[in-house]
Amino acid sequence: MKEKMVIYQVFTRLFGNDCRTCEPWGDRVTNGCGLMNDFTPRALQQIKALGATHIWYTGIIEHTTQTDYSAYGVEGDHPGVVKGIAGSAYAIRDYYDVDPDLATSCLARMEEFDALVRRTHEADLKFILDFVPNHVARRYKSDNAPEGVTDLGAEDNQGMGFDPSNNFYYCPGEELHADFDLRGYHEWPAKATGNDNFSSWAHQNDWYETVKLNYGVDYVGGRVCHFDPIPSTWHKMLNILLYWAAKGIDGFRCDMAEMVPVEFWHWAIAKVKEAFPNIIFIAEVYNPAEYRNYIHTGGFDYLYDKVGLYDTLRSVICGYSCASSITQCWQNVGDIQEHMLNFLENHDEQRLASDFFAGDAEKGRAALLVSACMGTNPMMIYFGQELGERGMDAEGFSGRDGRTTIFDYWTVDTIRRWRNEGKFDNRQLTPKEVTLQQFYSRVLTLCNEEKAIREGEFFDLAYVNPRSEIFNPATQYAFIRRSGNEILLIIANFDKYDAQIGVKIPEHLFEYFNIEKEDRLKATSLLSGDDFVVPFNDQDPINMLVPGCSGRILKFTCKSKEGK
C-alpha cells in the first residue's frame, strides 16, 4: 500500500526535559536536558497514534555547546562562538558523533543512538536525521571519526582564500573580527562565515558560530565552479552520509541544501541510494526557481513548500490574503506537487499560537485541513503544535520571539505536561489542548486511512465558487479528493465564525472523473461522524454548517458512468 508521509519533527534535547523551573540562560544542571532514552516505546506509540509515519529527530549530531564534556574526551568549545548555553544544533562539531547532551551515559552515546533507531522501527516509525552540509562549527574537530578519516580543514592551504582542494574559505593574513564581543576568541586566518559572508568580519546577525564549507565554488572569483577533479569536501561529506545511512536510518533532512551546489547532490545522492535504495532525502530550499533543479538534477525526494503553501496559509490565517490564493500554490508546483513537503510549523518558524503569528492555535485548524489533505505529498508537524504550544518563553539566547529555542536548555510546557513523566495520560493537559490534539490526530490519521487522500486525485473548486451569498472565497476554500468511486469534499473555513456554506460542483468534475450526478447522496462527516444527505450535481450546491476556524471532510460514494 502506498503511504503518505506524516513527519513528526522533534527537537531531541527538549522533548524529555521535565524541569518545571527553567531559568533564562540556565545551564544543563539548572534547566535539565532531554535524552534519547526519553523516547520510550510508550512515547513512540503516542507519536505513532497522532498519525505519524516518520520522526525527524532534530539536533542529534554533535554540535557546539558551553557545557564541559572534556572529562569524556570531547574537546570544549569557546563561548565566544557558541550561540546560547546549549548551543545551536546547526553548528556541527563532529559529523561522526552523537551530541553528548542526549545520552544517559556519555561514553555509551552511540550505543544509545543505535537503540533509538531500533525502538523507532519497532514502533513502526521511520527515522529521519538532520544533515548539515553547508557549514560547521568554527572549531570543528572530530573525536569519533573512523580510522583513516582526515578532519575537515586538516590539509587545507590556509594561505589561499580559495583553493578547490580546501575544505574551508579563508581570509589570508586577516584575523576574525566582529561587531560584538568574541570574548577572547581568536581565529587566524579568518574563515568565511556560514551564511556566505566571505570577509574577516562577522556580524551579530550572521551565522557567526559557523564557517562555510568549500564544495569547489569560487564565490569571490565570480562563482566559478571547480568540480574536476572531485573536490575533497565532496568525498568527505559523502562518507559522512554513508556512515549514518549504514546505521539504519531512513532519511536525511538536508539543512540549507540550496547553499550547496546541485552538482554535489547529483553525485552524492546517487551514490548513497546505490548502497541504500530506500533512503530518502528532504531538502530545505527556498528559491522556487531552483525547485526542479534540486529534484530532477540533484535527486532530492522532497523539498520544503515554504515560499508557496506555508507563506500563503500564514497570510490567510492572519487575514492578509484571501483563501482563494491557495489555488495558485498548487498551480505553481503542479508538475512537482508530489515532491513538496507541507508544514505549518518547524524549528525555524514562529509557533501558530504565538503572539507573532495567529495568537491562537485554533486558527490553524482550517490550514491543517488544507496542508495535510490537498495532496499525496508529505505533511509535517512540529512537536507541541498539536497541543497549541505558544513558544512565547524568553529562554536565553533565543529570546521571546514566538519560536521554541534551538539554542538553550529549556522545557516545552505542553510537551512536558503531555508526557507527564512518561505516563502520557493527558492528566496535565487542559480540555482545550486535548481537543486540539484529537483534531490533529484525526486529520493526520485520515491521511493514510483514506485512499482518496493517500493516493487519490485532486480537484480545486475555487474557480466555480466565486463570492456569493453562500460562499466567501476570502475566508473559505473547498476541494475534492477522489479515489475510484470514493469522493471526499473538503471545506476549510478560515473565519472565526461558524458559517452556512454552499459549495457548487461544476459539470466538468463529472466529466473529468467519469461519475454520475445524484439528486440525493448519503455523506458522512469524517471529522464529526455525522451523516448527511446532500445533492451531488452541477445544479444544487452542497449546503452545510461549517465550524469557524475549522472545516468539514464529507465522504460519499458515487457511481461510475455507464460504459466508462
Side-chain angles (χ1 to χ4, degrees), residues 11-14 16-17 19 22-38 57-116 130 132 135-154 156 167-168 176 178 181-188 191 194 202 207-211 236 240 243-244 395-397 405-410:
F11 202 81
T12 311
R13 72 163 171 251
L14 299 181
N17 189 5
C19 180
C22 288
E23 299 177 3
W25 294 97
D27 60 18
R28 194 181 193 280
V29 174
T30 301
N31 285 4
C33 184
L35 308 171
M36 290 182 287
N37 283 349
D38 291 320
Y57 292 98
T58 308
I60 289 278
I61 297 178
E62 183 188 321
H63 54 267
T64 55
T65 181
Q66 294 193 43
T67 302
D68 184 5
Y69 287 102
S70 58
Y72 301 97
V74 179
E75 188 173 311
D77 294 302
H78 194 287
V81 284
V82 178
K83 288 183 176 178
I85 303 299
S88 169
Y90 294 94
I92 301 297
R93 269 292 311 274
D94 185 352
Y95 276 119
Y96 288 100
D97 208 350
V98 170
D99 196 73
D101 267 343
L102 305 177
T104 302
S105 169
C106 188
L107 294 177
R109 58 191 180 274
M110 193 58 75
E111 289 81 357
E112 291 186 23
F113 171 82
D114 293 335
L116 177 60
D130 254 323
V132 186
H135 48 269
V136 296
R138 296 210 86 95
R139 300 178 75 177
Y140 181 89
K141 183 179 187 302
S142 179
D143 302 310
N144 198 50
E147 186 176 351
V149 171
T150 304
D151 248 355
L152 288 163
D156 280 6
N167 298 136
F168 301 123
L176 180 70
D181 185 6
L182 286 171
R183 301 168 66 180
Y185 173 76
H186 296 284
E187 183 177 288
W188 180 283
K191 301 183 187 75
W207 306 345
Y208 65 80
E209 80 281 27
T210 68
V211 290
K236 291 182 177 181
I240 291 162
Y243 171 83
W244 289 105
E395 305 99 335
F397 184 89
T405 181
I406 65 170
F407 307 106
D408 308 284
Y409 293 111
W410 204 254

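The first residue in the sequence is number 1, and the count goes up from there.
Contact between Lys141 and Glu75 at its shortest, heavy atoms only, is CD-OE1, 3.1 Å. Asn167 approaches Gly153 most closely through the heavy-atom pair OD1-N, 2.9 Å. Scanning all heavy atoms of the two residues, the minimum distance from Asp94 to Asn144 falls at OD2-N, 3.1 Å. For the pair Asp77 and Val82, the tightest heavy-atom approach, listed with the atom from each and the gap, is CB-CG2, 3.7 Å. The two residues Val98 and Met36 have their closest heavy-atom pair at CG1-CE, 3.7 Å. Shown here for Trp410 and Pro24, the closest heavy-atom pair between the two residues is CZ3-N, 3.7 Å.
At a cut-off of 3.5 Å, with distance as the only test, a side-chain donor of Thr104 or Asn37 sits close to an acceptor on the other residue.
By the side-chain contact (heavy atoms from CB on, under 4.5 Å) test, Asp130 pairs with Trp56, Thr58, Tyr90, Arg253, sequence neighbours left out.
The pair Arg13-Asp99 does not count as a salt bridge, with every side-chain nitrogen at least 4.0 angstrom from each carboxylate oxygen.
Applying the salt bridge (Lys or Arg N to Asp or Glu O under 4.0 Å) rule to pairs touching residues 58-70 yields nothing, sequence neighbours excluded. For the ring pair (Phe, Tyr, Trp, His ring centres under 6.0 Å) condition, the pairs that include at least one residue of residues 60-85, sequence neighbours left out, are His78-Tyr185.
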Check the pair Phe168, Val136 against side chain to side chain contact (heavy atoms under 4.5 Å, CB included), reporting the backbone distance first and the verdict last. CA-CA 10 Å; Phe168 301 123; Val136 296; 3.6 Å; yes
Go through Asn17 and Tyr409 one step at a time and tell me if the side-chain hydrogen bond (donor to acceptor under 3.5 Å, both in side chains) criterion holds. CA-CA 9 Å; Asn17 189 5; Tyr409 293 111; over 6 Å; no
Evaluate the criterion side chain to side chain contact (heavy atoms under 4.5 Å, CB included) for residue pair Cys22 and Glu395; output intermediate values, then yes/no. CA-CA 8 Å; Cys22 288; Glu395 305 99 335; over 6 Å; no
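Asn31 CG to Ile85 CD1: the interatomic distance, rounded to the nearest 0.5 Å, is 9.5 Å. Atoms CD1 and OH, from Ile61 and Tyr95 in turn, are 8.0 Å apart once rounded to the nearest 0.5 Å. Atom CG of Leu102 is separated from atom CG of Leu116 by 9.5 Å, given to the nearest 0.5 angstrom.
Between Leu176 and Arg138 the shortest side-chain heavy-atom distance falls below 4.5 Å.
Ring geometry, Phe397 versus Tyr208: the interplanar angle exceeds 60°, so the pair is classed perpendicular (tilted spans 30 to 60°).
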